[in-house]
Amino acid sequence: TPVVNVIGAGLAGSEAAWQIASRGVRVRLHEMRPVRQTPAHHTGQFAELVCTNSLRANNLTNAVGVLKEEMRILDSVIMQSADSSAVPAGGALAVDRHDFAGRVTETVKNHPLVEVVNGEVTEIPEGITVIATGPLTSSSLAEQISSLTGEYDLYFYDAAAPIIEKDSIDMDKVYLKSRYDKGEAAYLNCPMTEEEYNRFYEALISAETVALRDFEEEKYFEGCMPVEEMARRGRDTLRFGPMKPVGLEDPKTGKTPYAVVQLRQDNAAATLYNIVGFQNHMKWGPQKEVIRLIPGLENAEIVRFGVIHRNMFINSPRVLERTYQLKARKDLFFAGQMTGVEGYVESAGSGLIAGVNAARLALGEEPVVFPAETALGSMARYISEADPGNFQPMNVNFGLFPSLGEKVRKKAERAEKQAGRALDTIRNFKNTIAH
Ligand code: FAD
């Protein structure tokens with residue numbers, strides 16, 4: 001059986017290496033730290049958490065809780081290590097970061113089929129390989145990746161507007177209409193009076209923002225101006241920009257509102273909408289408050305906050321299969337944040353799938369598609385089938401799951417059903433990928 005190369009021992013690469021070795025396949029795991037650090041890492045440990053020590057919700061009413069449980073069922077090293085290093089955090093799973101990373105490092109390193117190679121990889125190796133070098137991939141390797149994906153399908157910054165669940169929009173306050181009724185009515189419009197606009201404006205310009213890191217300043221305004229920055233240019237700037245009301249008369253009153261916030265459909269199932277032009281730097285708490293001042297969005301459930309930050313990722317819907325294989329080179333897999341999943345657990349989850357499939361390929365078996373009814377599979381489907389013209393990294397959320405095929409009104413009940421279906425499916429699926 002051939003040796004599989006895994007590049008990067010972060011959240012995704014550690015999990016991928018573990019899954020491969022657990023299937024009896026030898027792994028060569030390449031990690032550049034501590035020989036060479038990224039701008040956000042500080043140690044030489046595998047799976048170092050670069051920011052918060054929280055892995056978010058741990059209960060099954062939340063999609064990331066379901067994802068964790070699926071990964072436990074599939075013997076994830078990231079989940080074993082996280083559960084063993086947990087610290088009290090209410091409904092969330094938070095960890096002692098040193099203990100956590102220490103456990104991942106020891107467990108993976110001590111596997112007899114894992115060989116660790118320290119140093120930066122600058123050439124993509126021949127043979128079965130998983131690339132999991134993360135949002136801060138070193139530049140020489142990034143260049144190599146760009147020659148494979150094409151430079152237009154590799155992004156270095158993530159500037160994205162918030163995405164909300166359609167079910168949480170107050171449909172009595174918004175209306176479907178395209179500007180001047182051109183083409184098919186495609187946008188949900190949230191109309192504002194002058195008073196509502198002024199209240200919103202004040203909150204927007206005074207909301208606390210995220211400080212930029214040194215390595216992020218270079219490209220601050222290129223292409224995408226943060227909405228709060230645009231607002232600071234003058235009280236009416238937004239009314240002549242993304243909040244322009246002309247051609248958007250409210251059908252109920254026949255009048256043009258003072259300002260309009262537009263929501264654009266974000267996924268094929270129309271369960272998610274993004275707020276047009278609202279990429280921003282606001283911290284998540286204040287961002288939620290500002291968004292909830294928009295008429296119709298008072299109870300908005302935000303599945304992805306607006307961001308502008310350094311984050312290398314590939315245009316997966318164009319270049320990757322649902323199995324995390326590169327379309328153009330089937331023995332090359334990508335995993336982690338760079339595939340357009342967002343978050344620690346999601347990154348590890350994609351590493352799990354890529355690892356399972358890389359091992360299968362090494363064993364002469366066909367790679368498998370994880371069922372879309374699972375959190376793992378819904379993410380795999382998202383990154384490979386989202387609109388490639390507007391692809392943005394995303395956290396796992398129930399909006400990515402296929403609908404239940406029955407109307408369940410209560411959100412908690414719906415979540416419970418989604419979770420139940422996901423866990424039943426993954427337990428059955430486990431037999432398919434048994435080793
Ligand atoms: P990483 O965990 O970064 O792993 C990649 C590994 O590859 C690293 O160990 C790196 O040293 C190595 N590497 C890179 N290039 C090479 C090379 N050429 N050769 C060999 N090795 C290489 N997510 C959250 O859920 N919560 C947060 O609070 C959070 N904060 C973040 C803060 C920042 C500044 C960034 C950039 C991201 C943050 N994320 C956060 C997003 C994401 O979840 C993490 O980046 C996560 O670590 C991604 O996992 P990964 O395995 O894809 O990459």
Side-chain angles (χ1 to χ4, degrees), residues 5-18 28-57 64 67-68 77-78 82 92-95 97 100-101 104-105 108 116-125 129-145 156-158 210-216 283-284 304-305 307-314 316 324 333-355 379 383 393-396:
N5 284 296
V6 176
I7 313 177
L11 276 302
S14 300
E15 186 65 53
W18 175 251
R28 197 170 294 128
L29 177 57
H30 304 261
E31 171 52 57
M32 68 177 186
R33 295 177 295 115
V35 182
R36 195 172 161 186
Q37 288 293 353
T38 79
H41 289 83
H42 301 290
T43 74
Q45 286 184 314
F46 296 175
E48 179 184 333
L49 302 177
V50 288
C51 189
T52 175
N53 67 327
S54 171
L55 275 61
R56 318 209 308 282
V64 77
L67 174 60
K68 290 186 181 74
V77 67
I78 293 295
L93 175 58
V95 300
R97 65 178 73 236
F100 166 71
V104 176
T105 309
V108 174
V116 176
V117 182
N118 255 144
E120 180 187 356
V121 173
T122 53
E123 297 272 343
I124 299 171
T129 300
V130 179
I131 300 184
T133 44
L136 305 170
T137 294
S138 72
S139 50
S140 45
L141 190 66
E143 253 170 55
Q144 287 264 311
I145 294 171
F156 289 90
Y157 277 77
D158 188 4
V210 181
L212 286 180
R213 308 211 170 202
D214 316 342
F215 60 90
E216 293 185 322
K283 288 196 166 165
W284 291 6
R304 188 209 207 272
F305 282 91
V307 291
I308 301 180
H309 65 174
R310 168 90 179 269
N311 185 15
M312 194 195 97
F313 64 101
I314 58 181
S316 295
Y324 290 90
F333 294 80
F334 283 84
Q337 184 91 6
M338 65 197 310
T339 65
V341 299
E342 168 82 39
Y344 297 152
V345 189
E346 288 87 341
S347 293
S350 71
L352 188 153
I353 298 183
M379 284 194 311
I383 64 106
M394 177 124 64
N395 284 124
V396 67

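We count ligands from 1, going down the list as the structure has it; atoms in each ligand are counted the same way. As a basis for the values below, the full set of heavy atoms in this structure was taken, side chains included, without hydrogen atoms, waters or symmetry mates.
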Any nitrogen or oxygen of [X] lying under 3.5 Å from a nitrogen or oxygen in ligand 1? Just yes or no.
X: Ala12; result: yes
X: Tyr344; result: yes
X: Arg33; result: yes
X: Pro135; result: no
X: Ala9; result: no
X: Ser54; result: no
X: Ser138; result: yes

Item to check | Nearest-option assignment for atom 42 (C) of ligand 1, heavy atoms, candidates His41, Gln45, Gln337, Met312 | outcome: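 Minimum heavy-atom distance to atom 42 (C) of ligand 1 goes to Gln337.
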Next on the checklist: Quick test of your reading of the structure: of Gly351, Ser347, Gly13, whose heavy atom lies closest to atom 49 (O) of ligand 1?
Outcome noted: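 It is Ser347 whose heavy atom sits nearest to atom 49 (O) of ligand 1.
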One residue to check: [X]. Relative to ligand 1, which of side chain, backbone, both or neither has a non-hydrogen atom less than 4.0 Å away?
X: Val50; answer: side chain
X: Ala47; answer: neither
X: Thr38; answer: side chain
X: Leu141; answer: side chain

Next on the checklist: Regarding Asn395 and Glu346, do their side chains bring together a donor and an acceptor under 3.5 Å, going by distance alone?
Outcome noted: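 Asn395 vs Glu346: donor-acceptor pair found between side chains.
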Next on the checklist: If you compare all heavy atoms of Ala40 against all heavy atoms of Val50, which two are closest, and at what distance to 0.1 Å?
Outcome noted: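 Where Ala40 meets Val50 most closely, the heavy atoms are O-CG1, 3.7 Å.
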Item to check | Atoms in ligand 1 with a heavy atom of Gly336 nearer than 4.0 Å | outcome: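 With Gly336 as reference, the close atoms of ligand 1 come out as 52 (O).
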Next on the checklist: Under 4.0 Å from a heavy atom of Ala132: which atoms of ligand 1 are those, numbered in the order shown and with their elements?
Outcome noted: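 Reading through ligand 1 atom by atom, the close ones are 5 (C), 6 (C), 7 (O).
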Checklist entry - Can you find a pair of side-chain heavy atoms, one from Val130 and one from Ile7, that are under 4.5 Å apart? => result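 No. Closest side-chain heavy atoms not under 4.5 Å.
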Item to check | Contact check, side chains of Leu93 and Ser54, non-hydrogen atoms, under 4.5 Å | outcome: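 A side-chain contact is absent here, since even the closest heavy-atom pair is not under 4.5 Å.
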Checklist entry - For Thr43, which residues count as a side chain to side chain contact (heavy atoms under 4.5 Å, CB included) partner, sequence neighbours excluded? => result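 Only Arg33, Gln45, Glu48 meet the side chain to side chain contact (heavy atoms under 4.5 Å, CB included) criterion with Thr43.
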Next on the checklist: So, using salt bridge (charged side-chain N to carboxylate O under 4.0 Å, His left out) as the criterion, who are the partners of Glu120 when residues are at least two apart?
Outcome noted: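 Checked Glu120 against salt bridge (charged side-chain N to carboxylate O under 4.0 Å, His left out); matches are Arg36.
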